[in-house]
Amino acid sequence: MTIQYKFLAVLMAALIPATGHPQQAPIEFAAPVSVVMADKINAVRMVDVDSDGHLDIIALQGEPSLTSGMFVALGDGRGNFDAPIFNQISINWPWSVDVGDINEDGVVDAIVTDFLSGQFAYLEGNGDGTFSEQPRLVPGWGGGNPQVQVADIDDDGHLDVIAADFFGSRLQVAWGTGIDDPLAAFDGLSVVPLTGFPLSFDIADLDGDGDLDLCCGFNSGSGGGVATSLYQGNRNFSAEERAIGGLTDSHWSTMAIDLDGGLPEIVSVEEGLGNLGIFTLAAGIPQAGIPIFTGSNQRHAAGGDLDLDGIADLVIRNYASGGFLILQGIGALEFLEVWTLDGPVAFSGLELVDVDEDGSLDIVAGNYDQSTVSYYLNLTVSGAFRRGELNGDGNTNIADAVFLLAYLFNDGLTPGCLDAADTNDDGGVNISDAVTLLAVLFSGAAPLPEPVGSCGQDPTDDTLECEDSGDSCL
């Protein structure tokens with residue numbers, strides 16, 4: 001490399017401007033599309049039950065005046081769903097459902113728990129949207145169970161069933177064996193005693209040791225707040241570590257989600273007082289909650305990257321109005337607020353999934369009074385990209401410089417994201433961008449201007465567009 005080239009590279013790097021937070025693309029959703037399902041919907045899940053590669057809708061119906069059942073509507077991946085299939089279940093008030101191949105026959109099964117009793121329904125999948133209820137006995141299992149999840153906690157290759165035991169003030173784990181037999185399907189029960197009544201919980205590696213841990217949120221009578229319990233191996237968990245931090249009302253929705261590019265934080269919605277709480281973790285122990293006022297009657301929350309900028313966003317639903325509050329993440333545990341459409345009464349939770357398979361997360365939620373499940377397609381035009389990643393393979397290397405030079409001088413393909421090709425962020429694409437990229441790759445020049453490393457918006461107003469960032473921001 002010549003001295004002149006090195007000097008030019010250093011000069012170009014010195015001219016790279018400093019930037020702050022990248023601009024945020026406005027998050028937008030289409031008007032809801034409703035699918036007629038069950039009467040008085042208590043819970044909704046979307047999962048591929050028939051193994052065709054497309055998400056299907058599961059909705060629970062049941063309370064003392066209704067026949068208990070699980071409805072399944074098969075989807076085609078384009079937002080179309082077949083008429084729902086009714087699967088009758090024996091429990092009286094089905095409130096939560098999760099799915100997985102529990103008996104290891106290659107077909108999705110379901111576990112449905114009762115809101116008011118210690119009963120649960122094990123539904124063996126038939127692979128076509130129909131399920132057959134089968135007996136499964138877990139000595140010591142208690143309830144009611146306002147939430148259930150299926151996961152392999154002990155990493156033995158078999159799915160376990162985890163639930164909040166509200167009346168028993170504990171979390172409970174039934175250890176799966178994969179055996180399709182009423183008595184042998186589970187190998188005992190482990191419990192985590194709690195100092196309150198759990199309404200919600202989640203499963204994640206909370207302390208970075210590679211094991212799945214538990215966190216939960218409590219009701220108002222228990223003082224609210226959240227707690228964690230860390231997996232210790234050999235099917236044992238640490239004692240509860242609890243934080244309230246002024247968030248004393250009922251936490252119907254609790255999730256572990258990475259908001260700042262590190263280990264997860266716990267996010268929980270405090271219903272009555274109208275706060276969303278963000279609880280950071282220190283070695284898996286929750287710290288005092290950071291409250292964000294979101295208005296009363298907010299009950300359910302979900303998280304995901306709605307604008308494809310590499311930063312998690314949050315969606316909260318008001319159970320009384322059915323309306324959604326979107327909190328757009330901008331990094332450092334900070335959010336912008338965006339209100340969306342109101343809706344009907346909504347006791348059931350919501351999910352963020354890709355209904356139409358376009359690479360963006362959509363909102364799916366059940367409507368208790370309307371007997372429908374609605375989805376809201378994500379219309380956000382992100383323009384998210386990683387500067388210097390030109391050929392769409394997800395990496396920044398010499399191939400991107402070759403791609404850019406071919407475009408500039410040899411009738412090569414036009415980059416799908418011209419913002420990514422503007423490596424020096426001066427608003428144009430020319431030889432200086434190739435020089436800048438090569439200097440960063442091979443001469444130790446200063447890093448490219450943001451966004452680099454993770455996807456984001458262009459911090460500089462210019463006329464360049466980003467129509468397709470390839471695999472960089474999927």
Side-chain angles (χ1 to χ4, degrees), residues 26-46 57 59-63 65-66 71 93-96 115 146-147 199-200 217 219-220 224 247-255 257 267-278 289 291-304 306-307 312-329 335-353 355 361-380:
I27 295 177
E28 300 179 80
F29 287 90
V33 176
S34 295
V35 181
V36 176
M37 293 292 289
D39 190 11
K40 308 298 184 186
I41 293 176
N42 294 330
V44 172
R45 282 296 315 274
M46 287 202 70
I57 300 175
L60 298 184
Q61 167 187 290
E63 52 190 64
S65 62
L66 298 172
F71 288 78
W93 203 311
W95 194 258
S96 181
F115 185 49
Q147 190 174 357
L199 282 173
S200 54
N219 78 329
S220 60
L247 297 157
T248 58
D249 223 308
S250 294
H251 293 253
W252 285 90
S253 183
T254 300
M255 62 180 170
I257 182 171
V267 175
S268 191
V269 181
E270 178 193 41
E271 180 177 285
L273 299 180
N275 289 312
L276 176 140
I278 298 175
I292 298 176
F293 182 73
T294 57
S296 60
N297 298 327
Q298 309 289 358
R299 178 172 286 186
H300 294 287
L306 298 175
D307 52 4
D313 311 297
L314 303 175
V315 180
I316 307 167
R317 195 177 195 194
N318 186 301
Y319 80 86
S321 73
F324 299 95
L325 172 63
I326 296 175
L327 299 178
Q328 185 174 23
F335 297 87
L336 303 174
E337 293 190 7
V338 183
W339 280 99
T340 62
L341 298 175
D342 284 343
V345 172
F347 292 118
S348 63
L350 65 148
E351 284 196 297
L352 301 182
V353 295
V355 175
L361 293 174
D362 310 304
I363 297 174
V364 176
N367 307 310
Y368 177 82
D369 277 351
Q370 290 191 349
S371 305
T372 60
V373 171
S374 295
Y375 63 83
Y376 301 71
L377 294 180
N378 192 340
L379 302 180
T380 304

- prompt: In Å, rounded to the nearest 0.5 Å, how long is the span from CD of E337 to CZ of F293?
  reply: 9.5 Å
field: Y368 versus I41, closest heavy-atom pair with distance
entry: CD1-O, 3.5 Å
- request: Please answer whether the main-chain N or O of S296 pairs with a side-chain N or O of N318 as donor and acceptor at a distance below 3.5 Å.
  value: yes
query: Got a donor-acceptor contact below 3.5 angstrom from the N367 side chain to the D369 backbone?
result: no
task: Apply side chain to side chain contact (heavy atoms under 4.5 Å, CB included) to the pair E270 and L276, showing each step before the final yes or no.
output: CA-CA 6 Å; E270 178 193 41; L276 176 140; over 6 Å; no
message: With a 3.5 Å distance limit and no angle check, can you tell me whether N297 reaches the backbone of Y319 through a side-chain donor-acceptor pair?
response: no
- request: Grab the two heavy atoms, one from V338 and one from Q328, that are nearest each other, plus how far apart they are.
  value: CG2-OE1, 4.5 Å
- prompt: Does F29 have its ring centroid less than 6.0 Å away from the ring centroid of F324?
  reply: no
- prompt: Below 4.5 Å, heavy atoms only, C-beta onward: do F71 and V35 meet side chain to side chain?
  reply: no
- prompt: Between CG of L273 and OG1 of T248, what distance do you get to the nearest 0.5 Å?
  reply: 5.0 Å
message: Let me confirm one number: the CG-OH distance from L350 to Y376, rounded to the nearest 0.5 Å.
response: 10.0 Å
- prompt: N42 and W93: side chain to side chain contact (heavy atoms under 4.5 Å, CB included), yes or no, with the steps?
  reply: CA-CA 9 Å; N42 294 330; W93 203 311; 3.8 Å; yes
- prompt: Looking at residues at least two apart in the chain, or sitting in another chain, which of them share a side chain to side chain contact (heavy atoms under 4.5 Å, CB included) with S96?
  reply: T113, Q147, V148
- prompt: To the nearest 0.5 Å, how far apart are CG in L327 and CG in D313?
  reply: 9.0 Å
query: Which atom names give the shortest non-hydrogen contact between L199 and H251, and what distance separates them?
result: CB-O, 3.4 Å
- request: Over all heavy atoms of both residues, which pair between L247 and P291 is shortest? Give the atoms and the distance, please.
  value: CD2-CB, 4.0 Å
- prompt: Taking all non-hydrogen atoms of both residues, which atom of L352 and which atom of L361 are closest, and how far apart?
  reply: O-CD2, 3.8 Å
query: Which heavy atom of S253 sits nearest a heavy atom of A301, and at what distance?
result: OG-N, 3.0 Å
query: Donor-acceptor pair, E271 side chain versus Q298 backbone, under 3.5 Å?
result: no
- request: Under the side chain to side chain contact (heavy atoms under 4.5 Å, CB included) rule, what do N378 and E28 come out as? Steps first, then yes or no, please.
  value: CA-CA 6 Å; N378 192 340; E28 300 179 80; 6.0 Å; no
message: Can you tell me which residue among I316, L314, V315 is in a side-chain contact (heavy atoms from CB on, under 4.5 Å) with I326?
response: V315
- request: Working to the nearest 0.5 Å, report the span between CG of D362 and OG of S374.
  value: 13.0 Å
Polar side chain donor-acceptor pair, N219 to S250, under 3.5 angstrom: no
- request: Verify side chain to side chain contact (heavy atoms under 4.5 Å, CB included) between H300 and V269, making sure each step is shown before the conclusion.
  value: CA-CA 7 Å; H300 294 287; V269 181; over 6 Å; no
statement: Output for pair (S268 OG, D249 CG), nearest 0.5 Å, gives 11.0 Å
- request: Without swapping roles, check the side chain of Q61 against the backbone of D39 for a donor-acceptor pair under 3.5 Å.
  value: yes
